[in-house]
Each structure stands twice: as C-alpha cells, then as structure tokens.
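Submitted below is the structure of interest, expressed as structure tokens.
Residue numbers start from 1 in every chain, and the chains themselves are labelled A, B, ... in the order their sequence lines are given, proteins ahead of strands.
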Amino acid sequence: MGQVPERPSLDGLEARWGARWEADGTYRFDDGRPREDVYAIDFPPLTVSGSLHVGHVFSYCHTDFLARYQRMRGRAVFYPVGWDDNGLPTERRVENYHGVRCDPSLPYDPGFEPPPGPVKAKAKRPISRPNFVELCRRLTDADEQVFETLWRQLGLSVDWSLAYTTIGERARRASQRGFLRLLAGGEAYQAEAPTLWDVTYRTAVAQAEIEDREVPGVAVRARFGADAAGPDLVIETTRPELLPACVALVAHPDDDRYRDLVGTTATTPLFGVPVPVVAHRLADPGKGTGLAMICTFGDLTDVIWWRELRLPVRSIVTRDGRLQAEPPAGVPANAAWAELAGQTTAEARRRAVELLRTTGGLAGEPRPVTHPVKFYENGDRPLEIVTSRQWFVRLLDHRERLLELGRALEWQPPWMQTRYEHWVRGLHSDWLVSRQRFFGVPIPLWYPLNEAGEVDHEHPIAPDEARLPVDPSTDVPDGYQATDRGRPGGFTGDPDVFDTWATSSLTPQIAGGWEEDPERFAKVFPMQLRPQAHEIIRTWLFYTTVRSDFEHGTLPWSRAAISGWVVDPDRRKMSKSKGNVVTPTAMLERYGADALRYWAAGGRPGTDTAVDEGQMRVGRRLAIKLLNSARFILGLADDGPGAGHPAAALDMAMLAGLDAVVADATQALEASDWTAALERAERFFWSFCDDYLELVKDRAYQEGTPAGASARVALRAALDIQVRLLAPYLPYTCEEVWSWWRDGSVHLAPWPEPAPARAAADRRPLEAASQVIAAIRRAKSQARLPLRTPVARAEVSGPPAWLDAVRAAEADLAAAGRVAAFGYRERPHAEGLDTRVELATAEEATT
RNA sequence: GGGCGUGUAGCUCUGCUGGCCAGAGCGCGUCGCUUACAACGACGAGGUCACAGGUUCGAGCCCUGUCACGCCCACCA
C-alpha cells in the first residue's frame, strides 16, 4: 500500500508504472491455465517501417481495452506482440543508407562490414543475400527499440516476453514449413504466366497489393490498315508505345460497326504487322471507337483476351520497365523500333505519338485524359505486366469453402463481412506468393541443373522440415556438395522470397508455438480475437483464414474486430503524402498516455474517428479528477474493514446506481463496445463527483457517528468500483490511485460485479437530492450570488414517494445547500419534483 | 459501374428492437478561489434530427426516392 500524496499529479506515472509492470510481469501469459480460461489475441504485428501516426495508436488501444477487461474477468490473456519487419521499405532504406544492393548469386561474406555512416554511392556495391539481410535486421532491430518504447508508454498490456518478428527464425521456420506442406498437399504450384510487375522494386505483386490511382494520360487514336482496300480502322489507346506488342484488334460481337470485320486482318501502323480482328464480349462498344487493340500486355483485360482467344505473345516491356532491345518475333527491327527500343514506357509513349504523327498514323489529335492506372501500393510507377515463373497458392479452387469460413466468423461490426465476401467473390487469380526480393523469408527450395546447366523447375528439391529455416542461396540440399552449386548436374537455389503476407498470414501459428510448443499451441489456437483495420481484410485477414484452413481445417479465431480509420480534423484520411499525419509522440507528450487512450476509446468499433485534441484534454481532465477525488476520499478517516455496510438511504442509492452502471458496462464490453462502457462509467463518475460527493462531504467529515461512517464506507466502495471500471482505459491513473490503498495491480484485480445486497435499494434518494441541489444552485447562480449563500427555505413539491426520497437526504441537502428550513407540498399527480428556493438575502428564485 | 457506411446544436458524437417537450462533452456566455480539484466548480444560451414522399395513434429511429461526403471493389481501349 502506498501513501496518498499531498498534491496528486499525472507526471511520472507512465515511467513509474511501466517499469513496475515489466518488473512484476503483470501482463505475462500464464501457461498453467486451462484452455477454457485463455483469451488469445492475434494482435497485428507492429510495423517498423513506414510512417507512424495516431491511427496505429487508435486501434491498438481498442484491443488493449478488451485485453485488460478480459484479464480482469479472470482470463489468462495471451497477448503477444510481433514486429512486422520483413519487406520492401526496409530494403529500400538499407540500399540507400549503406549504398549496397543485393546479389543473391554471391556467397556470404562473414567479414563484411558496411562503412559507418551513410554512403553516397552512384554504383551500389553488390553483396550476398545473407549479408544484405543482416543489414536489414540491424536496421529493424534499432527501429524496434524506438518503437517499443513508444508502445510501452502507451500502456499496451501486451506480453513483451512473447515478442516475435516476421523475419525472425521462428517466423521463417513456420513460413517455410507451411509452404512445404502446401506444396506436398498440392496447394502450391509454380507457373510461367503474365503477372503484375513493379518495375521499381522489380518484383511480381499480388492482386491484393494493387491499388488504382487516377493519373493523367493521353487517349491516342491510331489508324490500322484494313484488309483489302477498306478504310483504315481506328482504335483508341492510352498506351501507343505498345503498338509493337499488338497481337489483335477486338470488338464486341454485337457491334454492328465492326461485325463484318471480324475474321479479317488488320495491319499495325509503324510496323506493318498483320493482326487478326476478333470479337469478345469484354470489348466495350461505348469506349473509344469500340475497337481496341490487344497487346501483350497492357492491362489485365489483355491477359484475359490473350488467354481466352489463344493469341500469341509479343512482349516488349522488360522487368525494369523499358522496351527491350530487340523486337519480338514477327515485328521488324525498323526505324520506328529503333526509336522506341531501350526507352522507358513513358518516353516510348511520347515517341510513339510523334512517330504516328509523322507517318500519318494518327487519327485526330491526342486528347489528354485522366484515367485509373494500377499501382503497387508501395510503388510510384505504374505496374507493367510481364511473364515470369512464380509460385502460387490455390485460392480459386477453394472459393466456396472460403466464403463459408467468412460466414462462420463473428464479424464486428457485422457489415464488415461483406468486404470479405466481395473480395473472395471477386478473386480472379490464385495467390502469388513469390517475390523477387531479398529481405524476406526465402522460398525453401532448390532445383536440379541438368547436364546442359539448365534449371529443372519441374523437380524442386525440398529440405526436411527438421532443417528449417533454410536459405537456399547458401545452404546446400541433402545429397549435394556446396561445390555442386551452379554446376551442370548440380543444383541452384530458388532466388526468391515469399510475399510478406505469406508469413504474416501465420501470425497465430508463429506466436502460438505451432509445431514447436504443442502444449501451448493447443491452448491458444484457435484464438478468440483478431483485431485489425478494414483495409487489410483482403490481405491479412483473408490470407490468415486461408492458411489456417489449409493447415488446421479451422478458422484461426472466432471473432474479428475491425477498427475504423483515423482521419484528420477535416475528415480526410491521414497519409504521409497529404502531410496531415499526426504523430502519437507529440500527443503523448502533450496529454499523456491515458488521455490519448481516452480519445481512442471514443472511436466505436468500425467507425472512422477524427483526431480531436479536445477529447484528449477531456481525458486528461478525467484522469486529474480521478486523482483528486480519490485523494479526498482516501484522506477521510478510514473506518477499517469492520465498518459494515452503508446505512444511509442516499449512500445505498448511490451504490445501487453504480451497480447498474457496472452491469451496463459489463454488457457493453462483452459486446466489445468499449465506447459505451466508458461513457456509462464516465457519466456516473462525473455526477458522483458533482452531486453525491458534494452532498455527503459534510457528513463524511463527521467522525464517530454512524451517518459519517456510512458516507465514508460508501465513498470508498464507490471509488474502489470506479477505479476498476476505468482501469482498462486509464491504466496509469487507475494504477496510481489503486496503489494508494490497495495491494497488487488494479489490472489483475477482479472486474466489479453488482452486489446482491444492494439490488433492492431505492435509487430515488440520490436522484431526488441531485434535482433539489441543482435547483438550489440554479437559484443562487441566477441571483448572481456565491454558492455559499444561505438558503432561508426550500420548498419541494411533487409526488409523495419522491418527497420521501428528498426527506431521506434532507440533512445532506441542508449541509450542502446551506438550507435553513425545508417545506414539502404533496402534488400526487405531478410529473416530478419542483423546488422553490428562498435565499436568505430575501431574494427569491423559482424553478 | 457495383457495394458498404455516414449525414442529429458552431465542433465531436450518444440516441438499443419507433413514444423525447431531442441528450452529452468541447467551444461560447454569466457567476464563483465553497477546507479533493482554478490544469477547477456552478449556472445558462444554442437543434426545421441532410432533403422529399410514405407506413403508423405516434418517426431522429421503419420503407421508398433524392442529394452530399467517406471508404471498399471493378476488365483502366
């Protein structure tokens, strides 16, 4: 037990209690508890790269409210924290900072040490994948230290001893094991296929990582030569640079303008290549001229046309986003090609327009347009479509099953399920899991090389699970020697890594000890809660469901709680590019963690919330009020444990009202409605301070009387309950107050429950007294007199039962309102109470 | 183009399966340093519940349509 300070303050609470919780292991998961007691949370791995803003804080707080509530309910909360550190942004920073680039063909150099400090190198130094990964990990380790400090300060009650990283050994092992099992089960396959490709990062990307952006472009009308001697055929395109990649023209089968042309041949401008005119239902008569050129590949529709119409490939865009040096088969290496070869697609576009213009191939002037273009969500150049060999996980075959799982999951809010539903219904390709990057989990496969030194992709060599994790760029498959690497008849490692989602889709398995701690895993999996933001339903939530179903045949959790966005005060989504990002550090410094959490609590599940410093101020005020009221209550005489129950009707009324609050708050939190629970508790607390506390203050000072003891016992009981009700929201303040007169942590104290003994108590005395004291204060305020002004007489009228309620609190009212005399008038049919106040100064007011 | 959501005091929001003379906090105004709290308290003024129809004894809440905003998705010529 501690001491009640003279002047309570919020300063220093975060440092003091943060250290204490860590030292005491307050939030440690207890492995000894049975499965039915466990509440396991699949918490989003904290992002170390990218910009940090209050949006993160916002949703993490929501989870923490629920975790703290469940812990107080007596559950063994499994609340691990992860670091999501594998991925592209980290690679980018390492490349730029150290002036290096990864070359997976190089052997590991154990002695490699980057120069200290940033390197400004034009040509980046090539280093091996293991060396590169080492640098990435050094960088993320340092970042994680900084971030951990912040998250700790925020008061997240995660179990830091369960921390994992998505690039760490456990994660790599789980990720590779999971993949090998998919491979063995036939759910993972490789294919050579056109895929969306980011030319900056030079990697394939999956459907889920794409976003549309409106960008300026030009609509160009180009003339194709018609079969026979007919007039030119005019197509409209925004990608004239792909003319050499054109393999056909397409129109809708019902389009009368072009019906007769289907089956004939057209000739491309600039290159004179003959291409067939074909019909397909996806050709839109309303767009452009109704006649479109099919290129390999300008967009995803091209891919569909190419596949369904069995067209040849004439690819011209290379993996770095430039047109290749040599034209594809069937296209002449003429002067036009010489103009375009080697150019970026953007530059080639401009040149193609000029070429068309000078050769008369242009039909009308190019028209500036704004149109949606697909981008990789982290990229800044439009995606191209290139053909490459990639690994996929089957999704389309399992669509129905995945839809069923989505329906079996408890969604909060429920309408978020439609996001999932639509996504699964709209899937058009399997999950592309391979990435041509380096700081990720390596694909754990090797391939044999035949006698000609060619890679035999059809017979991948998988390691035994016991060897995991492996890095095929340095590890050697069983049955081979290190010297066999790259040699005809030898082997080569798969150069790629997994998509980060392929690993983070296993967070329940990684955190829960899948195949590594079977006893624990059986206790925590499937988990109870998956909190996350709605923009990653299609990725994290979806993929986790997929992996859990493939591996365990079950949903990974029973409930998904989807949080909303944080928007800026103008209700715009917060993003770095808009420059409207609010960082949590500044807010923490200015208002404190409890205040920030209070603001976050105002965001209902699934709804967007604006950054509102006003709410943070209110939260801070609430915390200070709690400290001060606790100081007052605990500063009164302590009647000890033998004081018995409160006897006064007003005291029992207050406690009975508080019991109702407890019941409501509990119900709300059971439904994960942290906002309603806080609102209820907070509202009670303020009226408790404003009315009840003021009413009984005088009596509470009386020592040695039963009435005084009753007030003091009630005050302490009410404080005890309210501190526990608010503990999930204001963990620091509540812990501080708790420590003044209680042992142990409030966060391990039992959640309050209504007392049966008070269930029948009449709540009217407090309500009636509050009304009367309000009327008295109003009278004084309207008379512009201080509140200490005496009242000569207060006459209360109303129904008899309510008058009795007032009488029960008359002594307290007299003291609090300085009322000399009370009068009562029965008005049996009145709606409520009416109080006439005669001030001692002879002035008068009525309400 | 499809879908989801939102629209209530100047601002941020509550209002559960329809009964309210419509609530809270912030902000604003007036008063007050009353022995927990002036980083405070008391009191008060603020609203055609987006719009138009409809159902009902009765609608902020239900139905239909319209408008505005946000987000998600879509084959982007």
Q: Walk me through it: do A/E241 and A/I316 pass the test side chain to side chain contact (heavy atoms under 4.5 Å, CB included)?
A: CA-CA 10 Å; A/E241 77 278 19; A/I316 58 167; 5.7 Å; no
Q: If a protein heavy atom is under 4.0 Å from the base, mark B; if only from the sugar-phosphate, S; if neither, -; do that for nucleotides 22-29 of chain B going 5' to 3'.
A: --SSS---
Q) Nearest-Å distance, CZ (A/R620) to C1' (B/C37)? A) 14 Å
Q.
By nearest atom, which of the nucleotides B/C71, B/G32, B/A42 is closest to the A/R419 side chain?
A. B/C71
Q: Please determine if A/R621 forms a cation-pi arrangement with A/W686, meaning its NZ or CZ atom is less than 6.0 Å from the six-membered ring centre and no more than 45° off the ring axis.
A: yes
Q. How would you label the contact of A/S629 with the nucleic acid (heavy atoms, under 4.0 Å): base, sugar-phosphate, or nothing?
A. base
Q.
Categorize A/R604 for me: base, sugar-phosphate, or nothing, with a 4.0 angstrom heavy-atom threshold over every strand shown.
A. sugar-phosphate
Q. With a non-hydrogen cut-off below 4.0 angstrom, is A/I633 in contact with a base, only sugar-phosphate, or nothing?
A. nothing
Q) Which nucleotide, in any strand shown, forms a Watson-Crick or G-U wobble pair with B/C71, with both distances under 3.5 Å? A) B/G3
Q. If you check every side-chain atom of A/W415, which of B/G41, B/C4, B/A74 has the closest atom?
A. B/C4
(Q) Give me syn or anti for B/C20, where syn covers glycosidic angles within 90 degrees of 0. (A) syn
Q: Report yes or no: is the cationic atom of A/R213 (NZ for Lys, CZ for Arg) under 6.0 Å from the centre of the six-membered ring of A/F375, at an angle within 45° of the ring normal?
A: yes
**Q.** Pairs satisfying side-chain hydrogen bond (donor to acceptor under 3.5 Å, both in side chains), at least one member in residues 624-636 of chain A, at least two apart
**A.** none
Q.
Measure CZ/A/R788 against P/B/G41 and give the value in whole Å, please.
A. 18 Å
(Q) Checking base pairs now: Watson-Crick or wobble, both atom distances under 3.5 Å. What partners B/A50? (A) B/U66
Q: Look at the side chain of A/P786 and decide which nucleotide, out of B/G3, B/A38, B/G32, has an atom nearest to it.
A: B/G32
(Q) Looking at A/R777, I'd like to know whether one of its side-chain N or O atoms comes within less than 4.0 Å of OP1 or OP2 on B/C43. (A) yes
Q. Touch check for A/A283, heavy atoms < 4.0 angstrom, all strands: base, sugar-phosphate only, or nothing?
A. base
Q.
Can you tell me if A/K374 touches the phosphate of B/C75, counting only side-chain N or O atoms and a distance under 4.0 Å to OP1 or OP2?
A. yes
Q | Residue-phosphate contact under 4.0 Å: A/R784 side-chain N/O, B/G32 OP1/OP2 | A | no
Q. How close or far is atom C1' of B/C40 from atom CG of A/N628, stated in whole angstroms?
A. 9 Å
Q. Nearest of B/C71, B/A42, B/G44 to any side-chain atom of A/R778?
A. B/G44
Q | Position toward the 5' end of RNA chain B (nearest nucleotide), A/D284 or A/R631 | A | A/R631
(Q) Students often mix this up, so state it plainly: with edges at 30° and 60°, are the rings of A/F684 and A/F688 parallel, tilted or perpendicular? (A) parallel
Q | Basic-acidic side-chain contact under 4.0 Å: A/E679, A/R683 | A | no
Q | Distance, rounded to the nearest Å, where A/Q782 contributes CD and B/G44 contributes C1' | A | 8 Å
Q: Could you state the atom-to-atom distance from CZ of A/R590 to C1' of B/A39 in whole Å?
A: 15 Å
(Q) Using modelled atom types and a 3.5 Å cut-off, is there a donor and acceptor pairing between side-chain atoms of A/W306 and backbone atoms of A/L311? (A) yes
Q | cation_pi(A/K697, A/Y692) dist<6.0 Å, angle<=45 | A | no
Q: Measure from CD1 on A/I536 to P on B/C73 and round the result to the nearest Å.
A: 13 Å
Q: May I have the distance from A/E694 (atom CD) to B/C43 (atom P), rounded to whole angstrom?
A: 11 Å
Q: Remember a base hit wins even if backbone is also touched, and classify A/L787 as base, sugar-phosphate or nothing at under 4.0 Å, heavy atoms.
A: base
Q: Look at the side chain of A/L282 and decide which nucleotide, out of B/C4, B/G41, B/C75, has an atom nearest to it.
A: B/C75
Q.
Syn if the chi torsion is within 90° of 0, anti otherwise; quick check, which is B/G60?
A. anti
Q.
Rounded to whole Å, please give me the gap between CG in A/L627 and P in B/A38.
A. 13 Å
Q. Does the gap between the ring centers of A/Y598 and A/Y729 come in under 6.0 Å?
A. no
